[in-house]
Amino acid sequence: LYQNKAFILVNTHLICFASNKARIRQINTITEVLSHDSLKTPTIILGDFNYSSLRNKRLLELMKLYQFQNGTDKLLTHKLFMFTSLLTHQVDYIFSKLCMVKNTTVMKKITYSDHYPIHFTLELY
């Protein structure tokens, strides 16, 4: 509950060294578990999807099929190599349903991780 409003928050870390097909199976499992509760309850699925924005069209289409909106459109959230910024892309996402992700920003001045923290505001209806 937040301000007397219920919502569902799923923090996920999908399989790293596998095909995107394996990640799609994991997302299908998550959405199946949520299918009854998320019909009327605002739902957020976020975390490390390990699904690169360099090839994420299928991920975005799947989440749209499940009626989730992408709250992190084209954010650079990951350094391919931890100690350099040679190649950045997005592997961390926030998807929402029946609520709105707003004011999304990425904190890029960190050296302790290959992921950049994402800050956002959630608007519950």
Side-chain angles (χ1 to χ4, degrees):
L1 287 177
Y2 177 71
Q3 296 181 347
N4 292 324
K5 294 181 183 180
F7 66 97
I8 298 168
L9 176 66
V10 179
N11 184 9
T12 187
H13 187 179
L14 300 184
I15 193 166
C16 184
F17 297 108
S19 67
N20 285 341
K21 189 175 182 179
R23 292 182 194 97
I24 293 293
R25 281 195 305 271
Q26 289 180 303
I27 293 167
N28 286 329
T29 300
I30 292 167
T31 54
E32 285 173 23
V33 169
L34 292 173
S35 63
H36 293 76
D37 293 329
S38 67
L39 292 176
K40 299 175 187 170
T41 307
T43 304
I44 304 96
I45 301 176
L46 55 74
D48 182 354
F49 282 69
N50 277 311
Y51 211 116
S52 175
S53 58
L54 303 175
R55 297 182 53 110
N56 71 354
K57 184 177 179 182
R58 187 168 175 210
L59 169 66
L60 300 178
E61 288 173 355
L62 178 67
M63 296 310 286
K64 191 174 184 178
L65 178 71
Y66 286 119
Q67 301 174 343
F68 281 90
Q69 297 176 355
N70 182 9
T72 55
D73 193 32
K74 299 179 183 171
L75 292 178
L76 302 177
T77 64
H78 183 259
K79 295 180 278 187
L80 191 56
F81 302 101
M82 187 166 169
F83 300 107
T84 72
S85 297
L86 293 178
L87 179 61
T88 55
H89 61 133
Q90 181 176 355
V91 295
D92 306 288
Y93 296 86
I94 304 169
F95 293 102
S96 64
K97 181 196 268 189
L98 302 175
C99 55
M100 178 77 65
V101 172
K102 299 172 98 178
N103 307 319
T104 308
T105 59
V106 177
M107 192 173 113
K108 291 188 179 177
K109 297 195 179 215
I110 63 164
T111 57
Y112 53 84
S113 175
D114 57 335
H115 294 262
Y116 298 122
I118 302 172
H119 298 264
F120 66 97
T121 303
L122 184 63
E123 183 179 312
L124 298 173
Y125 306 132

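Both backbone and side-chain heavy atoms feed into the values below; hydrogens, waters and symmetry mates do not. Because the structure is predicted, anything quoted here is derived from the model rather than measured.
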From [X] [atom1] over to [Y] [atom2], what is the distance, rounded to the nearest 0.5 angstrom?
X: Thr121; Y: Lys102; atom1: OG1; atom2: NZ; result: 8.0 Å
X: Leu46; Y: Phe120; atom1: CG; atom2: CZ; result: 5.5 Å
X: Glu123; Y: Asn103; atom1: CD; atom2: CG; result: 9.5 Å
X: Leu62; Y: Ile24; atom1: CG; atom2: CD1; result: 4.5 Å

Any donor-acceptor pair under 3.5 Å from [X] side chain to [Y] backbone:
X: Arg23; Y: Ala18; result: yes
X: Tyr93; Y: Tyr51; result: yes
X: Gln3; Y: Leu124; result: no
X: Thr104; Y: Gly71; result: yes
X: Gln26; Y: Ile15; result: yes
X: Arg25; Y: Asn20; result: no

Trace of the side-chain contact (heavy atoms from CB on, under 4.5 Å) decision for Asn28 with Tyr66:
CA-CA 9 Å; Asn28 286 329; Tyr66 286 119; 2.7 Å; yes
From the options Thr43, Ile44, Leu122, select the one residue that forms a side-chain contact (heavy atoms from CB on, under 4.5 Å) with Leu9.
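Exactly one pass, corresponding to Ile44.
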Please determine which of Val101, Thr105, Ile94 meets the side-chain contact (heavy atoms from CB on, under 4.5 Å) test together with Ile118.
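The option that passes is Ile94.
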Give the C-alpha distance, both sets of side-chain angles, the deciding distance and a yes or no for side-chain contact (heavy atoms from CB on, under 4.5 Å) between Ile45 and Thr12.
CA-CA 7 Å; Ile45 301 176; Thr12 187; 4.3 Å; yes
Walk me through whether Phe95 and Phe49 qualify under ring-ring contact (aromatic ring centres under 6.0 Å, His included).
CA-CA 11 Å; Phe95 293 102; Phe49 282 69; 5.4 Å; yes
Do you know which two heavy atoms are closest between [X] and [Y], and how far apart they sit?
X: Met100; Y: Gln69; result: SD-OE1, 4.2 Å
X: Leu98; Y: Lys40; result: CD1-C, 3.7 Å
X: Ile27; Y: Met63; result: CG2-SD, 3.6 Å
X: Cys99; Y: Ser96; result: O-OG, 3.4 Å
X: Phe7; Y: Thr41; result: CA-CG2, 3.7 Å
X: Asn70; Y: Leu60; result: ND2-CD2, 3.5 Å

Decide whether Leu1 and Tyr125 are clustered together by the hydrophobic rule: side chain heavy atoms of Ile, Leu, Val, Met, Phe, Trp, Tyr closer than 4.5 Å, transitively.
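In one cluster: no.
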Within 6.0 Å of OH in Tyr2, more than 12 heavy atoms from elsewhere:
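No, OH of Tyr2 has 12 or fewer neighbouring heavy atoms, counting only those of other groups under 6.0 Å.
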